[in-house]
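The block underneath contains the structure these notes are about, expressed in structure tokens.
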Amino acid sequence: MSRSVSSVLRLLLVLLFAACAASTPDVVSADRDQDRAALSVSRTVREKARAYRSNHEPEILKEFVDLLSIPAVAADPANVRRSAEAILRMMATRGISGRLLEVDGAAPSVYGEVLTPGAGKTLIVYAHYDGQPVDRSEWKSDPFKPVLRDGPLRPGSREVPLPGPGEHANPEHRLFARGASDDKGGVIAVLNALDALKASGITPSVNLKLFFEGEEEPGSPHLGAILEKHASLLKADGLVFIDGPAFPNGMPVLALGVRGVQILELTCYGPDRSLHSGHYGNWAPNAIIELTHLIDSMRDADGTIRIAGFAASVRKPTAAESALLSRVPNVDGILKTDLAIGASEGRGEPINERILLPALNLRGFQSGV
Ligand SMILES: [Zn+2]
């Protein structure tokens, strides 16, 4: 029998703790007439924005492709800066006054202002223009030469040409490039939404401050310093964070809070060299098995966390929050099909409820190497 005990008894376990930090409003309007009036205004705005998008798809995609063609990954700071400058130019052509916000050693953040005379409130709109590191061996095409495909990347999917003047994009087609969805897509969406409002003669009812970060993917190492240095410039009443997935049923979604994250890397050590299982098995401790027991002790099969005090600081949703949640469509079926999973954790509660609880996930596990 060859060695079945790990040849290097060093395990790497990465845990992801997500503490629930939901911050939903304490009061939900009970006034249905008011709700209906607001919905009808937002429907009109949405329809106008859709019409604008539908009539300008080739130009929007061309601008998107140009931005995606500039690499914006932390390993390439010169091109990160070129990306920031390109966004500044995109804002300037729209008449949006902007500048780069800098601190020493940081990728620049791009700032722009769309002020409305008489507006009483100010919103910051956040997106980030940098993307995750690239391993070109995992890419079917050049990550910085965007290509349109006829759907998600699956066996048999084809490249298709970008729509030409007067043509429409097929909504099932997908643009592939680093950062296309996370999160240069957010930058393009905001700027073109503003174009759509302007073309429709709709003036925002709030002041908007655009803030596009350039180093979110490495963990925003200088975001705190940038916010402190430009605190008065970035004063606002709220922040819209455009960096999340679409709702599974395709509806636009406004999330009123997200979970924070803490990451723990845990190493378990065993004997200091490889051991033959026939000679030492059942006597020498096995680091893989030790960790398996530890992991198993931390959560039940249904996802209940068994660490004492883990959720102690998490408050329960208020009645108003629960009422809002009950109005969110149940997308569990769509998600299960999309992810090819037969069952979810918990006791059948929908995802909208489960993500209000703190989670404990394993993000990586390395052993026997
Ligand atoms: Zn992102």
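Order of listing sets the numbers, starting from 1, for every ligand and every atom in it. None of these values were measured; they are calculated from a predicted model.
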Look at the rings of His279 and His276 and say which category their plane angle falls in: under 30° parallel, 30 to 60° tilted, over 60° perpendicular.
parallel
Test log, rule side chain to side chain donor-acceptor pair (under 3.5 Å), inputs Glu215 and Ser220:
CA-CA 5 Å; Glu215 51 182 13; Ser220 302; over 6 Å; no
Does CZ in Arg347 sit with more than 12 non-hydrogen atoms of other residues, nucleotides or ligands closer than 6.0 Å?
no
Got a second to check how far Lys140's NZ is from Ser157's OG, nearest 0.5 Å?
6.5 Å
Any protein N, O or S atom under 2.8 Å from the Zn ion (ligand 1)? Found His128 NE2, Asp182 OD1, Asp243 OD1, Asp243 OD2
Working note: Ser181 + Arg174, criterion side chain to side chain donor-acceptor pair (under 3.5 Å); need CA distance, chi angles, decisive distance, verdict.
CA-CA 10 Å; Ser181 89; Arg174 303 282 190 276; over 6 Å; no
When the ring planes of His128 and Tyr126 are compared, do they come out parallel, tilted or perpendicular, using 30° and 60° as the limits?
tilted
